[in-house]
Amino acid sequence: MDRSKLTRAIVLAMFAGFCLGSIIHWAEPAPGGIIETFFVAGLFDVGGQVFIASLKLLVVPLVFVSLVCGASNLAGNQNMGLIGLKTVGLYLTTTALAIVMALGVANLVNPGLGINLAETSSFTAKESPSLVQVIVNIFPSNPIKAMAEGNMLQVIVFAILLGIAMTRSGRHGQQLSESMARWNEVIMQLVLMLMQVAPIGVFCLMVTLFAKLGYSAINDLIAYFLCVLLVLLLHFFVTYSVLLRLLVGVNPLTFYKRMLPVMAFGFSTSSSGATLPVTLETVENRIGVKKSISSFVIPLGATINMDGTAIMQGVATVFIAQAFNVEIGLTGYLMVILTATMASVGTAGVPGVGLITLALVLTQVGLPVEGIALIIGVDRLLDMSRTVVNVVGDATVASVVARSEGVFDETIFLDAEAGRVAPAEAGKA
Ligand code: ASP
């Protein structure tokens with residue numbers, strides 16, 4: 001299937017899955033019915049899980065191989081340290097900006113006023129990592145263990161060091177680096193193959209999600225729910241558009257259009273980690289960011305950059321403070337900005353983790369962690385939406401860094417046909 005047909009098919013599949021799932025939920029609201037048992041929990045759930053497993057399968061090999069290639073290319077470049085600083089700086093700044101916006105809007109909307117705490121269900125918080133742990137965890141002691149556990153930050157650190165060492169190892173290093181580049185092509189081919197079945201996978205995921213998703217919780221939390229959505233939209237359409245216009249010099253709408261498959265993957269999987277192979281492929285072949293930058297910036301972003309998650313955490317903190325009648329104060333807000341930015345670094349790109357690291361933010365400002373029980377009912381839908389913002393944020397920063405290094409290929413960006421490579425031809429290109 002060619003590229004634009006594939007994009008259309010993925011978006012259509014997403015919509016069709018949403019409709020069918022909602023119809024099933026409407027026809028059979030309680031679990032245990034025939035459709036639920038045989039079709040949702042049987043056919044569609046299995047299809048969706050196989051699809052997610054195949055995506056995750058690609059993440060560790062792809063990040064490892066592509067980053068070793070990227071780092072060994074960059075190691076010859078004087079600017080390597082500067083590129084790293086720029087990337088991390090941009091990720092942290094956009095995240096901090098997202099939280100400031102979340103705190104500002106939440107204080108205008110006041111989503112937590114009038115919440116009846118008596119109706120709160122109990123919540124046992126999973127232990128969230130401390131800030132010290134977050135920092136120490138970046139450095140691997142066992143690379144195989146890091147890969148087996150899918151600890152992406154550690155895999156990233158190991159791959160970068162290995163790539164740099166390869167460049168410094170003369171002829172042998174050069175040979176290894178060339179074979180890594182070949183591996184990279186093969187793994188990218190796997191990504192392209194998987195994308196061909198993406199419409200079926202996305203359809204299965206959406207049917208399962210919406211057949212099981214109850215909307216009743218949204219009624220009680222409508223102000224919180226809409227407030228998070230509003231800030232997500234603002235950050236998406238204002239912050240990213242401004243960055244794309246001013247720092248990349250491209251039309252944001254064209255950018256979003258090229259990113260549609262990535263957004264559909266992010267929305268239906270709720271995981272920036274699982275979406276990573278598609279983000280990488282799209283950013284390189286459809287947006288025009290050179291491999292030397294994307295292979296470093298995108299995996300790092302999928303691991304440490306979570307603007308959408310930070311937005312949810314900002315609004316949730318204000319909401320919980322209001323519901324529990326606690327005054328946070330200016331120092332408290334500054335603390336929220338700092339800890340939510342760090343929490344976003346420590347949040348793994350998998351579904352629902354943002355809610356766990358929210359405990360870290362709440363504890364830092366002295367709010368009860370049990371407050372998470374208040375918002376858990378609507379978190380699934382918000383998780384899907386914030387993951388879209390998380391992955392688009394990674395692609396935006398990658399484009400800014402690429403442009404600043406003079407390796408943003410505008411001909412690819414402007415070419416509506418770009419990236420329409422049939423799987424069999426991709427490897428020869
Ligand atoms: N699901 C989000 C992601 O993978 C993380 C979160 O907010 O829970 O990007």
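Read the numbers this way: they start at 1 and go in the same order the structure lists the ligands and their atoms. Predicted model, so just to flag it, every value in this text is computed and none were measured.
Thr7 approaches Pro261 most closely through the heavy-atom pair OG1-CG, 3.6 Å.
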N/O donor to acceptor pairs below 3.5 angstrom from side-chain atoms of residues 144-159, sequence neighbours left out:
from, atom 1, to, atom 2, distance (Å)
Asn151, OD1, Gln154, N, 3.4
Gln154, NE2, Asn137, O, 2.8

Just list the side-chain donor-acceptor pairs under 3.5 Å for residues 389-399, sequence neighbours left out, or say none.
from, atom 1, to, atom 2, distance (Å)
Asn390, OD1, Asp307, N, 3.2
Asn390, OD1, Gly308, N, 2.7
Asn390, OD1, Thr309, N, 3.4
Asn390, ND2, Thr309, OG1, 3.1
Asp394, OD1, Asn305, ND2, 2.9
Asp394, OD2, Ala302, N, 3.4
Thr396, OG1, Val392, O, 2.7
Ser399, OG, Ala395, O, 2.8

What side-chain donor-acceptor pairs closer than 3.5 Å can you find for residues 62-70, not counting sequence neighbours?
none

Show me a pair-per-line table, with atom names and distances to 0.1 Å, of protein N or O atoms that are under 3.5 Å from an N or O of ligand 1.
from, atom 1, to, atom 2, distance (Å)
ligand 1, 1 (N), Ser270, O, 2.9
ligand 1, 1 (N), Val350, O, 3.2
ligand 1, 1 (N), Asp383, OD1, 2.7
ligand 1, 1 (N), Thr387, OG1, 3.2
ligand 1, 4 (O), Ser272, N, 2.8
ligand 1, 4 (O), Ser272, OG, 3.1
ligand 1, 4 (O), Gly349, O, 3.3
ligand 1, 4 (O), Val350, N, 3.4
ligand 1, 7 (O), Thr309, OG1, 2.6
ligand 1, 7 (O), Arg386, NE, 2.6
ligand 1, 7 (O), Arg386, NH2, 3.4
ligand 1, 8 (O), Gly352, N, 3.4
ligand 1, 8 (O), Val353, N, 3.0
ligand 1, 8 (O), Gly354, N, 2.7
ligand 1, 8 (O), Arg386, NH2, 3.3
ligand 1, 9 (O), Ser272, OG, 2.3
ligand 1, 9 (O), Asn390, ND2, 2.8

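Using the six-membered ring where Trp is involved, Tyr224 and Phe319 have ring planes that are tilted, between 30° and 60° apart. Between Phe18 and Phe15, the ring planes are tilted. Angles from 30° to 60° get that label.
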